[in-house]
Protein chains: 2
Amino acid sequence: MAGWEEIRAEVLARIRSRAWPLGALIPGEAALAQEFGVARATVNRALSELARAGVLERKRKAGTRVAALPVRKATLDIPVIRAEVEARGEVYGLRLLRLEIGRPPVPVVARLGQDLGEMVHVQTLHLASGRGFVVEDRWLNRSVVPDPIPDFGAVSVNEWLVAHVSYASGDISFSADAADGWEAEALGVAAGAAVFVTERCTWAPEHPITWVRLVHAPGYRLSTLL
Amino acid sequence: MAGWEEIRAEVLARIRSRAWPLGALIPGEAALAQEFGVARATVNRALSELARAGVLERKRKAGTRVAALPVRKATLDIPVIRAEVEARGEVYGLRLLRLEIGRPPVPVVARLGQDLGEMVHVQTLHLASGRGFVVEDRWLNRSVVPDPIPDFGAVSVNEWLVAHVSYASGDISFSADAADGWEAEALGVAAGAAVFVTERCTWAPEHPITWVRLVHAPGYRLSTLL
DNA sequence: AAGTGGTCTAGACCACGCA
DNA sequence: GCGTGGTCTAGACCACTTC
């Protein structure tokens, strides 16, 4: 018994075999290190990984226990749309549908957490081999966009942001919705069709950067390994 | 400059400020350790975290470079449904709609990767404060279910599995779909309404355990911090 | 062959959170 | 307080990859 991965496996095995039941306190790092004949840091690495995966819950002083109701954690990759299209072996295309300056609707202001007044509104259509793949509806903080405004018909806003604007945090959510009139038209599907929607909001340390809603063509799947 | 989090922040700042441009090779761990006045292990921890987040790409011998097309990684929590309902402050309820033994349809067999012959088919409805919350359609490997079959009207299959069956791996995917006839009826919505669908497949090291499709009531959102 | 990141060790100090 | 996990160090060896 040597590497942290072997130790992680052994600990997992004890949990799966109910040698360490759900909710139970397991021995401390020092004890396990001695039992396995490794340094405490190695045990720490193994247990930390399991905690990150949601299998264990660790607290200073309280010790480490097996999670009672294991909350599985899955890691999602959120690629740039162009990369996603190309990964499918299709040809990426981009069409700028609308670019204007105006005040965002109330729900968008609410999500951003503050009213920035006028913002840059961009609507684009991402194409995979000529077919509509994703419709993007985005509001951008004017202060992050230079004057003149970059050509968002050549480089998608997302890719431009990644390369030119630093940011700190954000959130993302997924839902199902019925395709809106113009969204359905852009994607070439019937209005009201069930579509997968991604909504993202990002902030720089001190101010909002952008809010975006991505409507994916029917059949879209987001998947990952558990 | 001391902790790995500070070093991570400093490295991030250099990337965001384009001092280290996208795709560029950054100094080795040893050099950074000297510059920051810390041990190499500390730099390693900081860079490893950034690599896990998709900001850096690391390869032995080749060195560490800034990811050219940053793939954001988001971590999703996949809770047990009961916990999800209770976290909303609602009362959880469970109703067993169907329990039978039979052969799964072809798409399910395909997903599982092998034909197990007859399987246990369970359909349940999860309720939040009496309203339909999730419809579950599940096929279980007969060999993981004891005889007699547990009371899946009292404890959901998922919770029973968590507590009684060890497993190794699986995958999960999310999509949008139009609600099917019986699903719509169970949820109390119009047939064809846009619903959020979670599909999960899990395997023990050597054999499939279960395939499940969860249809969430309209309005369901899956969200996380980036 | 050589350079880079990945891991391990033995020891140490510290922060947190219970009592 | 005091026990636990979280982190840092200095040094070492190893695995992988490119040259």
Side-chain angles (χ1 to χ4, degrees), chain A residues 1-15 19-68 70-71 73 75, chain B residues 1-15 19-71 73 75 225:
Chain A
M1 185 77 56
W4 68 267
E5 295 187 273
E6 293 168 81
I7 292 178
R8 178 185 59 180
E10 170 62 20
V11 170
L12 246 186
R14 292 189 186 181
I15 294 170
W20 291 342
L22 296 185
L25 201 61
I26 75 173
E29 294 188 350
L32 291 174
Q34 188 172 10
E35 180 194 339
F36 294 136
V38 299
R40 185 169 76 92
T42 306
V43 173
N44 180 279
R45 176 74 193 272
L47 299 187
S48 300
E49 294 287 336
L50 287 171
R52 194 192 300 247
V55 175
L56 295 177
E57 285 165 2
R58 318 194 74 196
K59 264 198 286 215
R60 289 162 145 118
K61 170 68 179 174
T64 300
R65 47 179 74 251
V66 181
V71 173
K73 302 218 159 119
T75 317
Chain B
M1 186 75 58
W4 69 268
E5 296 188 274
E6 294 168 81
I7 292 179
R8 179 185 58 180
E10 170 62 20
V11 169
L12 245 187
R14 291 187 186 183
I15 294 169
W20 292 342
L22 296 185
L25 202 61
I26 76 171
E29 295 187 350
L32 291 175
Q34 189 172 8
E35 180 194 338
F36 294 136
V38 300
R40 185 169 78 89
T42 307
V43 172
N44 179 280
R45 176 74 193 272
L47 298 187
S48 300
E49 294 285 337
L50 287 171
R52 194 195 300 250
V55 175
L56 295 176
E57 285 165 2
R58 320 194 72 195
K59 265 199 287 223
R60 288 162 148 118
K61 168 71 178 176
T64 301
R65 44 181 74 252
V66 182
L69 239 61
V71 174
K73 305 228 155 104
T75 312
L225 297 177

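Worth saying up front: this structure is predicted, and the values here are computed from it rather than measured. Values below: all heavy atoms of this structure, side chains included; hydrogens, waters and symmetry mates excluded. Chain letters run A, B, ... following the sequence lines, proteins first and then strands; every chain starts at 1.
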Taking distance alone, no hydrogens or angles, what donor-acceptor pairs closer than 3.5 Å link side-chain atoms of residues 21-32 of chain A to residues at least two apart or in another chain?
{"from": "Glu29(A)", "atom 1": "OE1", "to": "Arg40(A)", "atom 2": "NH1", "distance (Å)": "2.6"}
{"from": "Glu29(A)", "atom 1": "OE2", "to": "Asn44(A)", "atom 2": "ND2", "distance (Å)": "2.7"}
{"from": "Glu29(A)", "atom 1": "OE2", "to": "Arg58(A)", "atom 2": "NH1", "distance (Å)": "3.2"}
{"from": "Glu29(A)", "atom 1": "OE2", "to": "Arg58(A)", "atom 2": "NH2", "distance (Å)": "2.7"}

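- Within a 6.0 Å sphere centred on CD of Glu35(A), other residues, nucleotides and ligands contribute more than 12 heavy atoms.
- Both Ala30(B) and Ala39(A) sit near DNA chain C, but only Ala30(B) has its closest nucleotide nearer the 5' end.
- The distance between atom CG of Leu32(B) and atom P of dG6(C), rounded to the nearest whole Å, is 13 Å.
- In this structure, Arg45(A) reaches the dT7(C) phosphate: one of its side-chain N or O atoms is under 4.0 Å from OP1 or OP2.
- As rounded to whole Å, 13 Å separates atom P of dC13(C) from atom CZ of Arg40(A).
- Between the CZ atom of Arg65(A) and the P atom of dT4(D) there is a distance of 13 Å, rounded to whole Å.
- Taking atom CG of Leu25(B) as the reference point, atom P of dT18(D) lies 12 Å away to the nearest angstrom.
- Nearest nucleotide to the side chain of Ser48(B), out of dG5(C), dG5(D), dG6(C): dG6(C).
- For the OP1/OP2 pair of dG5(C) and a distance below 4.0 Å, the side-chain nitrogens and oxygens of Thr64(B) include at least one atom meeting the criterion.
- Nearest-nucleotide positions on DNA chain C place Gly28(B) closer to the 5' end than the other of Thr42(A) and Gly28(B).
- Every salt bridge (charged side-chain N to carboxylate O under 4.0 Å, His left out) that Arg45(A) has, sequence neighbours left out, goes to Glu49(A).
- If you measure from atom CH2 of Trp4(B) to atom P of dA15(C), you get 17 Å, rounded to the nearest angstrom.
- Taking atom CD on Gln34(B) and atom P on dG11(D), their separation rounds to 13 Å, with Å as the unit.
- Straight-line distance from the CD1 atom of Ile7(A) to the P atom of dG6(C): 19 Å, rounded to whole Å.
- Listed by residue number, Arg58(B), Lys59(B), Arg60(B), Lys61(B) are the residues of residues 49-62 of chain B with a heavy-atom contact under 4.0 Å to DNA chain C.
- Regarding contacts with the backbone of dG5(D), every side-chain N or O of Asn44(A) stays at 4.0 angstrom or more from both OP1 and OP2.
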